[in-house]
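Just so you know, these numbers come straight off a predicted model, no measurement behind them. Chain naming here is simple, since letters A, B, ... match the order of the sequence lines and numbering starts at 1 in each.
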Amino acid sequence: MDRWFFEMPTLELCLHLLGKELTLDGVGGYIVEVEAYMGPEDRAAHSYGGRRTPRTEVMFGPPGKAYVYTIHGHHCLNVVSGPEGVPNAILIRALEPTRGVDKMIERRGRDYDLTNGPGKLCQALGITRQHNGWDFLDSPLRISEGIPVKTVAVGHRIGIENTGEARWYPYRFWIDGNEHVSRPRKALKKIQL
DNA sequence: ACTTTGATGGCCT
DNA sequence: GGCCATCAAAGTT
């Protein structure tokens, strides 16, 4: 990937992140599910209304960096999207494991359901708040070329029932038919790439 | 200093 | 499908 990759509009970047390989220190897999969080105008976003706090600060900076937050004792990884100053981010919700599976099994304490959820994949890869702000182009946390994607399914996002109309926004994207998607849902529509 | 709130996961029926 | 453990971050007093 190059710097331009992360300059794409957020929803477009979602499509292009699918199939890419995400790794930390040689452990990781193909990105198979993501969700967009569209900053100030998206009630489900941590940065809704331009809310700028120590937690959300990294989203106000340049795209291509990691935004890692904790919830319910778990960690979740986002790719900060642009344009710079607009606090958009893309939540990585699921991977298809490719590298370091033994390490993932050790960290997860089981040999199934290793990376089919935002908290699970962070545990499997060893991602914590210490990785907040890391650069995907210039750190051990990397996004690189992966596999071509034929069909992307689109649906509403998971776990944001208390956000009014925002819960229905079609901002969830996954590789159609992939076995590692966190919570199978019927697609609102499908996009052929 | 205290209270509320989840972009979850695991286990249950 | 539902319940709830759990804790950092943010909001409130």
Quickly work out the [X] [atom1] to [N] [atom2] distance and round it to whole Å.
X         : N      : atom1 : atom2 : result
Phe173(A) : dA7(B) : CZ    : P     : 19 Å
Gln130(A) : dA8(C) : CD    : P     : 15 Å
Asn162(A) : dA7(B) : CG    : C1'   : 12 Å
Asn132(A) : dA9(C) : CG    : C1'   : 13 Å

request  = Please state whether the rings of His46(A) and Tyr69(A) are parallel, tilted or perpendicular, taking 30° and 60° as the class boundaries.
outcome  = perpendicular

May I ask you to verify if any side-chain N or O of [X] is less than 4.0 angstrom from the OP1 or OP2 atom of [N]?
X         : N      : result
Arg55(A)  : dA8(C) : no
Arg183(A) : dT8(B) : no
Arg129(A) : dA9(C) : yes

Using a 4.0 Å heavy-atom cut-off, does [X] contact any base of the nucleic acid, only the sugar-phosphate backbone, or nothing at all?
X         : value
Arg157(A) : nothing
Asp113(A) : nothing
Arg52(A)  : nothing

Would you mind telling me which of [options] lies closest to the side-chain atoms of [X]?
X         : options                  : answer
Tyr37(A)  : dA7(B), dT8(B), dA8(C)   : dA7(B)
Arg110(A) : dT8(B), dG10(B), dA7(B)  : dG10(B)
Lys120(A) : dT8(B), dC11(B), dG9(B)  : dG9(B)
Arg108(A) : dA7(B), dG9(B), dG6(B)   : dG9(B)
Pro118(A) : dA10(C), dT8(B), dG10(B) : dT8(B)
Leu91(A)  : dT8(B), dG11(C), dA7(B)  : dA7(B)
Thr53(A)  : dG11(C), dA7(B), dT8(B)  : dG11(C)

key: Quiz item: His46(A) side-chain donor-acceptor pair to dA7(B) base, under 3.5 Å   = yes

message = Is it the case that dA8(C) (base atoms only) and Tyr69(A) (side chain only) share a donor and an acceptor within less than 3.5 Å, ignoring hydrogens and angles?
response = no

inquiry  = What I want to check is whether the side chains of Thr151(A) and Asp176(A) have a donor and an acceptor closer together than 3.5 Å.
reply    = no

query = Checking Asn78(A) side chain against Tyr67(A) main chain: does a donor-acceptor pair fall under 3.5 Å?
reply = yes

message = Here's one to test your reading of the geometry: is the NZ or CZ of Arg43(A) within 45 degrees of the ring axis of Tyr169(A) and under 6.0 Å from its centre?
response = no

key: Residues Arg3(A), Asp135(A): salt bridge by 4.0 Å N-O rule   = yes

key: Ring centroids of His74(A) and dT8(B) base under 5.5 Å with planes under 30°   = no

